[in-house]
Amino acid sequence: MFIPMLDSKIVGSVIADFRIKKNISQEVISGLAGIGRTHLSAIERGERKPTLETLYRISEALDVKMSDIVLEIEKRIEE
């Protein structure tokens, strides 16, 4: 039986791309989101998956809707 799983590398690359587009460092975003820089780095590398709360905090720190991040993740999964 196939159980679909969210690809953590896609999630991380989408978050990193949003951050890079805004030209903001991991240090700044992690500080604004209230998470450790090493945690954010692990998320962006696909080593960890963010909880909904963490994803919300990151989206707020990036000043984008969480739904925009999720839509981009879904788009890349479908590609």
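Here the structure is a predicted model, which means the values were calculated and not measured.
Distance check, rounded to the nearest 0.5 Å: CG of Leu62 to NZ of Lys22 gives 7.0 Å. To the nearest 0.5 Å, the span separating CD on Glu47 from OG on Ser8 amounts to 8.5 Å. Atom CD1 of residue Ile10 and atom NZ of residue Lys75 lie 12.5 Å apart, to the nearest 0.5 angstrom. The distance from atom OG of Ser41 to atom CD1 of Ile35, rounded to the nearest 0.5 Å, is 10.5 Å. Remark: Ile58 CD1 to Phe18 CZ distance equals 12.0 Å, nearest 0.5 Å.
Every side-chain hydrogen bond (donor to acceptor under 3.5 Å, both in side chains) that Gln26 has, sequence neighbours left out, goes to Arg37, Glu44. In terms of the salt bridge (Lys or Arg N to Asp or Glu O under 4.0 Å) criterion, Glu74 has no residue partners (sequence neighbours excluded). Annotation: side-chain contact (heavy atoms from CB on, under 4.5 Å) contacts of Ser25 (sequence neighbours excluded): Glu27, Val28. The salt bridge (Lys or Arg N to Asp or Glu O under 4.0 Å) search around Asp17 returns Arg76, not counting sequence neighbours. A search for side-chain hydrogen bond (donor to acceptor under 3.5 Å, both in side chains) contacts involving Ser67 returns nothing, not counting sequence neighbours.
Judged as a side chain to side chain donor-acceptor pair (under 3.5 Å), the pairs with a partner in residues 56-65 (not counting sequence neighbours) are, in order, Glu53-Arg57.
Nearest heavy-atom pair across Met66 and Leu52 is SD-O, 3.9 Å.
In this model, a donor atom of one side chain and an acceptor atom of the other lie less than 3.5 Å apart for Thr54 and Thr51.
Using modelled atom types, no side-chain atom of Lys49 and backbone atom of Ile43 make a donor-acceptor pair closer than 3.5 Å.
Counting heavy atoms from C-beta on, the side chains of Ile73 and Leu6 come closer than 4.5 Å. Side-chain contact between Leu55 and Ile15: present, with at least one pair of heavy atoms (C-beta onward) separated by less than 4.5 Å.
By the criterion of side-chain heavy atoms lying less than 4.5 angstrom apart, applied directly or through intervening Ile, Leu, Val, Met, Phe, Trp or Tyr residues, Ile77 is grouped together with Val14 in one hydrophobic cluster.
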